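Structure first, then comments.
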Amino acid sequence: EKGVDRTSVREIASKAGINLALMNYYFRSKENLFDAIFSQLVKSNTKTLIGILDSDMPLEDKIRSYVGVYIDMLGDNPLLVSFVMSILHRSRERITEMKAISNLYSTESFARQVVEEGKKGNIRRTDPSQLFVDMLSLIAFPFAIRLLVMDRNNYTDKEFSRFIQERKERIPEMIIQSLRP
């Protein structure tokens with residue numbers, strides 16, 4: 001809720017109802033604690049997302065499935081986007097240290113499939129990195145600006161959830177349409 005930098009270990013221990021000394025014993029630092037939290041949140045979904053990208057599914061099915069699963073993950077953990085952003089903006093070195101982040105960023109198999117589909121003429125030739133960033137942006141950004149979207153549209157939490165569920169169909173169609181030759 002407050003971000004990595006504005007949250008103290010003491011606050012976390014208090015909110016969790018555990019002794020500060022016990023938390024310090026197990027995690028040693030706030031950085032280690034946040035790494036553990038992040039890894040637990042992301043790792044539980046990373047295997048599924050990578051499984052989709054590395055599957056033998058046709059590209060369109062893969063895009064639909066990936067978008068749906070990713071949106072569900074963020075719907076279950078709505079603060080994950082801001083949490084990830086706060087960690088990423090703290091230090092460039094931290095990005096490479098946090099393997100869970102890189103695991104969410106495309107796969108060689110997916111990139112190869114995009115290139116091959118382009119060569120066959122099934123899709124417009126496109127840079128797989130650009131395509132993947134397009135997908136991630138369309139998925140994550142509404143969560144990053146959730147309060148703005150809710151305020152601008154006078155949405156309740158339930159209405160925002162409905163808005164996000166609509167995006168599960170809208171995003172893949174936009175991406176697939178952009179790839180058509």
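Bear in mind that the values here come from a model prediction, so they are computed numbers and not experimental data. Residue numbers count from 1 along this sequence.
Separation of atoms CG (L53) and OG (S65) is listed at 9.0 Å; rounding is to 0.5 Å. Atom OG1 of T156 and atom CZ of R162 lie 6.5 Å apart (nearest 0.5 Å). In this structure, the separation between CD1 on I176 and CD1 on I63 is 5.0 Å, given to the nearest 0.5 Å.
For S178 (side chain) and I175 (main-chain N/O), a donor-acceptor pair under 3.5 Å exists by modelled atom type.
The side-chain contact (heavy atoms from CB on, under 4.5 Å) test applied to S109 returns D54, T107, R112, not counting sequence neighbours. In terms of the side-chain hydrogen bond (donor to acceptor under 3.5 Å, both in side chains) criterion, E108 has no residue partners (sequence neighbours excluded). Residues forming a side-chain hydrogen bond (donor to acceptor under 3.5 Å, both in side chains) with D56 (at least two apart in sequence, or on another chain): none. Partners of N122 under the side-chain hydrogen bond (donor to acceptor under 3.5 Å, both in side chains) rule, at least two apart in sequence or in another chain, are E117. Contacts of E169 classified as side-chain hydrogen bond (donor to acceptor under 3.5 Å, both in side chains), with partners at least two apart in sequence or in another chain: none.
Under a hydrophobic-cluster definition in which Ile, Leu, Val, Met, Phe, Trp and Tyr are linked whenever side-chain heavy atoms come within less than 4.5 Å, directly or via other members, I123 and V115 are assigned to different clusters.
Identified under the salt bridge (Lys or Arg N to Asp or Glu O under 4.0 Å) test for residues 62-81, with sequence neighbours left out: E60-R64, R64-E173, D72-K168.
For R170, the CZ atom sits in a loose shell: 12 or fewer heavy atoms of surrounding residues, nucleotides or ligands are nearer than 6.0 Å.
Applying the side-chain contact (heavy atoms from CB on, under 4.5 Å) test between Y70 and each of T48, L49, I171 identifies L49 as the sole match.
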Run the side-chain donor-acceptor check on residues 131-151: report pairs under 3.5 Å with partners two or more places apart or on a different chain.
{"residue": "S137", "atom": "OG", "partner": "V133", "partner atom": "O", "Å": "2.7"}
{"residue": "R146", "atom": "NH2", "partner": "D157", "partner atom": "OD1", "Å": "2.9"}

Result block: side-chain N/O donor-acceptor pairs under 3.5 angstrom for residues 19-26, not counting sequence neighbours:
{"residue": "N19", "atom": "OD1", "partner": "A21", "partner atom": "N", "Å": "2.6"}
{"residue": "N19", "atom": "OD1", "partner": "L22", "partner atom": "N", "Å": "3.3"}
{"residue": "N24", "atom": "ND2", "partner": "L20", "partner atom": "O", "Å": "3.4"}

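Shortest non-hydrogen contact noted between F110 and L59 is CE1-CD1, 3.7 Å.
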